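Since the structure comes first, as structure tokens, the remarks are kept for the end.
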Amino acid sequence: MSTPADTSSKRFTLAKCVGPLLVLLWGAACFAFFQCCYRYHFFYQEQNQIFLLTSGYLSSYLDRPAWVACLLGDALTQFYYYLYAGPAILTLALLTLGDLTRRALQQAGVKSLWAYVAAFLVMTLEAVCCLRTGHRLSSVIALGGGMAVFLAAVPLLRRGRWAFALTMIVASATTYWMFGYGLWALQILVIIHLICHYRQKSYGWSIFFGFFPVILIPAILFLAERHYLITSEKALTYPGIGRLQSPDFILEKSLAADNEYYFGHFRKVEQMVEDDDQPTEEMLFFYNLVQAQQDQLPDRLLSHVPNQLGTFYTIGPESRRLTIINMNELYWALGDMTFTERAAMMTNVFAPDNRNVRMIKRLAECNLVSGDSIAALKYLRILQKTLVYRPWAEQMLHHELPHYQYILDKRRFVNRADTIRTTDNLHMVMMELLDSNPRNTVALDYILCSTLLLKDMDNFKRDYDRYCYSLGQERKKPLYQQALMIYLSGTNAPQEEWEKYIHDDALLQRFADYSNHRGDPRFSDTYWYYFDTTKTPKP
């Protein structure tokens with residue numbers, strides 16, 4: 001017959017042997033999930049901050065509580081720029097949190113088996129919280145920091161009531177100063193510690209001192225509100241308590257298209273859209289940018305209906321965050337540096353702490369293209385103070401070819417018209433770009449395709465005449481030929497007009513066939529079918 005001691009020994013052996021193996025399996029599963037299914041969230045988090053290696057920037061972390069957690073979290077987040085680094089860093093942070101949880105609970109008096117169970121629970125819940133793009137690595141570190149302080153303080157907690165009280169004052173203040181809301185983890189562990197030892201004679205005063213940390217909260221809150229100038233809610237939760245969330249794979253798809261486009265992997269953007277039965281608006285937005293820069297936008301415009309060019313967006317208080325972030329890419333591709341710069345600045349305004357390293361890089365590029373070397377130097381010097389973007393900044397500062405070549409190429413398409421505007425009318429912007437450089441085919445296809453999506457045949461014909469026919473550089477794309485047929489037919493144009501614009505006899509014959517079978521799905525690949533059957537999007 002086994003004794004209670006034997007049973008306890010078996011449980012200890014089970015926890016000691018199986019626990020580490022399960023931790024390793026959990027870590028492998030965590031890394032695999034975030035790397036294979038959620039890696040683009042890490043790029044998004046890295047781009048929405050900047051970490052500078054300057055004394056002034058580093059000292060700014062002292063302006064808020066949890067400065068150690070925030071400093072370490074942001075310093076590590078900058079390495080999310082590299083493939084595999086984000087999932088690896090987060091997995092290691094979560095495993096460290098789990099190990100600290102286990103050790104702290106064991107020191108508090110919890111048995112090994114239950115300490116392992118609690119550690120797995122804490123790691124899993126925190127991993128689920130990390131599914132939100134707004135949950136910072138600093139929050140994971142803050143939670144682990146509170147447990148680390150408990151491990152350091154627990155020997156002093158056993159020295160008597162006055163040592164306990166003094167230790168709690170110092171430990172609580174230190175935890176809040178260095179790890180913010182990690183203070184809650186410290187308090188919970190102290191209470192567990194007292195509950196597990198309440199039978200001991202030296203812990204007879206546990207009823208009072210068990211709630212001693214709670215007594216400190218008003219004092220800490222009072223000091224934090226006045227010293228850090230933050231609200232009560234922010235003071236108690238800084239740098240941010242996680243919220244449980246299911247995986248957002250729709251957002252992941254949008255971020256995937258965004259980042260593959262940003263890294264210049266155009267073929268990947270095409271493939272992920274063409275292989276997806278329901279691409280998101282953001283995916284179509286970047287897909288069309290790719291097609292326009294490869295001179296294929298008119299050929300692919302009707303491959304997805306409804307489609308999204310981005311030219312109908314109006315940026316305002318109700319605009320989605322991804323829409324605001326993406327607009328600079330459209331203006332950059334079109335060649336308007338004024339609107340690109342404004343869009344980048346607006347993105348920075350809506351970024352956490354008004355810092356977005358991707359937009360700072362774009363602002364440097366805008367000013368390099370525009371020739372404003374002083375403004376460009378300001379942003380490049382900022383990027384020189386980073387670890388990840390320093391090589392790029394050095395290349396731009398010294399105009400190193402071939403890295404600098406795309407800046408020189410972009411200068412050929414800049415808007416030379418007066419850029420002081422009273423509206424956000426993108427149609428007028430594209431007209432100015434084409435007046436400055438009629439060979440800007442990206443702007444040309446965007447202005448023509450935008451009017452076609454709106455079924456605005458009058459403006460389409462006007463722009464086609466102005467930037468194609470009158471300049472002797474007709475765009476004999478099937479889409480444009482089909483649209484011209486609709487216009488000519490609707491205005492009862494004479495035969496001479498048809499001969500002037502339409503150059504494909506086979507397409508003419510097919511149009512005649514469609515006229516006898518309007519709305520027939522056999523013609524779903526044509527603009528005629530789109531014009532007759534698709535609801536016009538709102539501009």
Side-chain angles (χ1 to χ4, degrees), residues 2-23 26 94-127 140-176 178-220 236 241-242:
S2 60
T3 65
D6 294 334
T7 303
S8 177
S9 178
K10 289 179 181 179
R11 289 178 179 175
F12 176 77
T13 303
L14 181 66
K16 186 176 180 180
C17 298
V18 178
L21 177 60
L22 292 177
V23 168
W26 187 97
L94 291 170
L95 289 174
T96 302
L97 172 63
D99 187 60
L100 288 171
T101 301
R102 175 188 64 82
R103 292 175 183 275
L105 288 172
Q106 287 176 337
Q107 286 293 319
V110 177
K111 295 181 179 179
S112 293
L113 179 61
W114 292 111
Y116 269 108
V117 171
F120 276 109
L121 181 62
V122 170
M123 287 192 302
T124 304
L125 290 177
E126 196 65 17
V140 180
I141 296 174
L143 194 59
M147 297 176 181
V149 172
F150 173 80
L151 283 171
V154 71
L156 298 175
L157 297 178
R158 297 169 178 169
R159 292 179 176 270
R161 67 186 67 183
W162 298 115
F164 180 96
L166 182 60
T167 300
M168 281 309 306
I169 293 173
V170 175
S172 298
T174 302
T175 303
Y176 185 77
M178 298 174 64
F179 301 107
Y181 92 99
L183 174 64
W184 293 103
L186 172 67
Q187 294 174 345
I188 292 171
L189 287 168
V190 169
I191 293 174
I192 293 174
H193 172 75
L194 292 171
I195 291 174
C196 291
H197 296 86
Y198 78 98
R199 288 192 180 91
Q200 297 182 17
K201 184 177 180 181
S202 59
Y203 284 87
W205 32 267
S206 62
I207 295 177
F208 171 76
F209 282 109
F211 295 94
F212 190 83
V214 180
I215 299 172
L216 294 176
I217 290 178
I220 292 175
L236 291 173
I241 295 178

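Values in this document were obtained by computation on a predicted structure and should not be read as measured data.
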Evaluate the side chain to side chain contact (heavy atoms under 4.5 Å, CB included) criterion for residues Leu105 and Trp114: first the C-alpha distance (whole Å), next the side-chain angles of each, then the deciding distance (0.1 Å), finally the verdict. CA-CA 9 Å; Leu105 288 172; Trp114 292 111; over 6 Å; no
Does Met123 form a side chain to side chain contact (heavy atoms under 4.5 Å, CB included) with Leu95? I'd like the steps, not just the answer. CA-CA 7 Å; Met123 287 192 302; Leu95 289 174; 4.1 Å; yes
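Although no hydrogens or angles enter the test, the distance criterion places a donor-acceptor pair under 3.5 Å between the side chain of Trp184 and the main chain of Leu236.
The two residues Ile141 and Phe179 make their nearest non-hydrogen contact at O-CD2, 4.0 Å. Residues Leu189 and Ala104 share a closest heavy-atom pair of CD1-CB, 3.7 Å. Residues Tyr181 and Ile241 come closest through the heavy atom pair CD1-CG1, 3.5 Å. Residues Leu94 and Ala127 approach most closely at CD1-CB, 3.7 Å, considering heavy atoms. Taking all atoms of both residues into account, the shortest heavy-atom contact from Gly146 to Thr175 is CA-CG2, 3.9 Å. When all heavy atoms of Ala153 and Ala171 are compared, the pair lying nearest together is CB-CB, 4.4 Å.
Atom OH of residue Tyr176 and atom CG of residue Leu183 lie 8.5 Å apart, to the nearest 0.5 angstrom. Here NZ of Lys111 is found 10.0 Å from SG of Cys196. Values are rounded to the nearest 0.5 Å. Note that CD1 of Ile191 and NE2 of His193 are 12.0 Å apart. Values are rounded to the nearest 0.5 Å. To the nearest 0.5 angstrom, Leu100 atom CG is 9.5 Å from Leu143 atom CG.
By the 4.5 Å heavy-atom criterion applied to side chains, Met147 and Leu97 are counted as neighbours. When side chains are defined from C-beta on, Leu151 counts as touching Gln107, because their heavy atoms get closer than 4.5 Å. In this structure, the side chains of Arg102 and Phe120 stay at 4.5 Å or more apart for every pair of heavy atoms.
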